[in-house]
Amino acid sequence: MTNRLKITFLLGIFMMIFSSNMMNAQLKPGDLVDGIAAVIGNEIVLESDVTEQMNYGKQQGASNTDKCEFLENLISNKLLVYEAKKDTLIENRSAAIKEQANQKYRQLLSQFPDEKTLLAAYKFRNAYEMKNAIEKIDTDQYYGQAKYQRVTDKADVTPNEVTDFYNLYKMQLPQVKDEVTLAQIMMYPKLTEAHKQDLINRLKKIKQDIAGGETFESQARIYSEDEGSASNGGLYKNINKGQMVKPFEAAALNLQENEISDPIESEFGYHIIQLVKRSGKVYDARHILLKATPTDDEMKTAKAKLDSIRGLILEGKITFKDAAFKFSDDKRTKFNAGIIPGADGSDKIERESIPGTISYELAGLNKGDITTAFDEEENRRKVVKIIKLDDVIPAHQITLETDFSRIKQMALNKKKNEMVEKFVNSKLPTTFISIDGRYDNCNFKANWKKDAIKK
């Protein structure tokens with residue numbers, strides 16, 4: 001079976017194009033100077049883009065080394081981006097994407113001792129060049145995915161279509177590796193009242209120092225524990241209403257410009273916020289965050305509570321499903337019996353892809369067993385969990401009986417691929433497309449040169 005049946009024609013490609021690995025694509029001694037491989041409307045595919053995709057594909061184990069095919073995928077993606085930017089039903093998020101790129105740059109910078117070391121590690125000459133690269137990646141990702149979703153929004157497959165797909169491709173479908181279904185109850189350790197008050201008092205003292213003449217920016221750089229904004233004086237620009245967590249937004253939008261809030265609590269910790277400016281539903285704000293990092297004793301208390309819940313489940317006094325709904329702090333899973341989604345959106349997870357910490361806790365467990373409480377870090381926050389080994393699925397060949405939902409997704413992906421290909425082909429006669437002469441001998445699937453407008 002071709003790769004296009006294993007991943008969606010374009011969305012899967014986007015995951016390759018916009019990987020952070022792409023930022024490492026730089027010229028090496030002896031390489032040709034970069035040039036334009038193709039122009040689609042006012043979008044450009046660089047020769048280095050094609051080379052990078054080939055290199056990244058090889059790193060991911062792709063057997064295909066046809067440069068023409070990689071270029072065609074990039075052209076198709078760029079055509080989607082070009083069409084998305086003209087689509088009035090797709091929101092123009094240029095300003096937000098630019099600020100997002102700045103935030104990503106600051107987050108990366110916080111992981112290095114200085115800017116020079118960061119730029120050297122990613123092989124960029126200056127901060128402007130690196131920020132532009134991040135912004136370009138995020139822009140193409142946003143517009144390409146938005147158009148992909150618009151084109152495939154009404155895609156669906158019937159049970160008969162799933163069966164037909166399976167009968168047609170069953171000899172080419174891959175074998176399923178060992179899988180498990182996992183359910184979890186996850187809790188954020190609770191801080192003691194004394195610990196909470198200490199954080200609040202520290203923020204009040206910082207606010208007093210600002211009132212006494214210190215700048216908010218300088219205090220944010222010194223004290224804020226938000227890696228994304230501390231180095232920029234706590235500033236977030238072009239925040240859309242609904243973008244931030246509710247307590248943050250409610251506090252920020254209740255302020256007058258340049259006013260500073262009292263300490264407020266969010267799921268990330270405690271903040272003081274300064275509204276810099278507001279224009280309609282968009283605003284700029286600074287904040288200083290002190291994370292709600294639990295102490296060892298607070299972690300022990302949370303583990304003890306989870307172990308007691310585990311005991312109630314084992315005694316049959318409450319089901320795991322009800323316990324997850326009642327006690328779990330994980331909004332992704334608590335409403336779904338605690339089931340952890342797999343990478344493909346199903347409830348099955350390949351054993352070899354399970355993170356080391358969880359894999360260690362599951363060692364020796366059988367179907368239906370539940371781990372004792374253990375701690376982990378998730379989204380840079382300390383959490384405690386218990387995990388149930390809900391099901392064990394040995395490696396097997398895909399069949400309709402055991403893998404209907406998986407096959408349905410493959411059939412749906414194929415239909416989406418066909419819809420996108422049809423859309424792309426429909427735009428060829430009215431889209432300016434120029435492909436460099438180095439690719440004259442390519443046998444493209446689409447008639448890029450024959451039907452497209454040329455110079």
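Please read all numbers here as calculations on a predicted model, not as lab measurements. Index from 1, following the sequence.
Residues Leu182 and Gln184 form no side-chain contact, since every pair of their non-hydrogen atoms from C-beta on lies 4.5 Å or further apart. The shortest side-chain heavy-atom distance between Lys190 and Thr301 does not fall under the 4.5 Å cut-off.
Side-chain contact annotation: Ser94 with Asn92, donor-acceptor N/O pair under 3.5 Å present. Checking Glu135 against Tyr105 by side-chain atom types alone, no donor-acceptor pair falls below 3.5 Å. Between the side chains of Glu421 and Asn425, no donor N or O sits under 3.5 Å from an acceptor N or O. Neither side chain, Ser229 nor Asn232, offers a donor N or O lying under 3.5 Å from an acceptor on the other.
When each of Glu129, Arg125, Met130 is paired with Leu119, the side-chain contact (heavy atoms from CB on, under 4.5 Å) condition holds for Met130 and for no other. When the options Glu361, Glu376, Glu377 are evaluated for a salt bridge (charged side-chain N to carboxylate O under 4.0 Å, His left out) with Lys385, the one that passes is Glu376.
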Can Asn238 and Glu99 be said to form a side-chain hydrogen bond (donor to acceptor under 3.5 Å, both in side chains), step by step?
CA-CA 7 Å; Asn238 298 312; Glu99 176 56 24; 5.2 Å; no
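The minimum heavy-atom distance linking Lys382 with Pro294 is given by the pair CB-CG, 4.0 Å. Here the shortest heavy-atom pairing between Ala395 and Asp178 reads N-OD1, 2.8 Å.
Ring pair Tyr236/His287 is tilted by interplanar angle, where 30° to 60° counts as tilted.
Within 6.0 Å of CZ in Phe325 there are 12 or fewer heavy atoms belonging to other residues, nucleotides or ligands. Shown here is Asp296, whose CG atom has no more than 12 heavy atoms of other residues, nucleotides or ligands within 6.0 Å.
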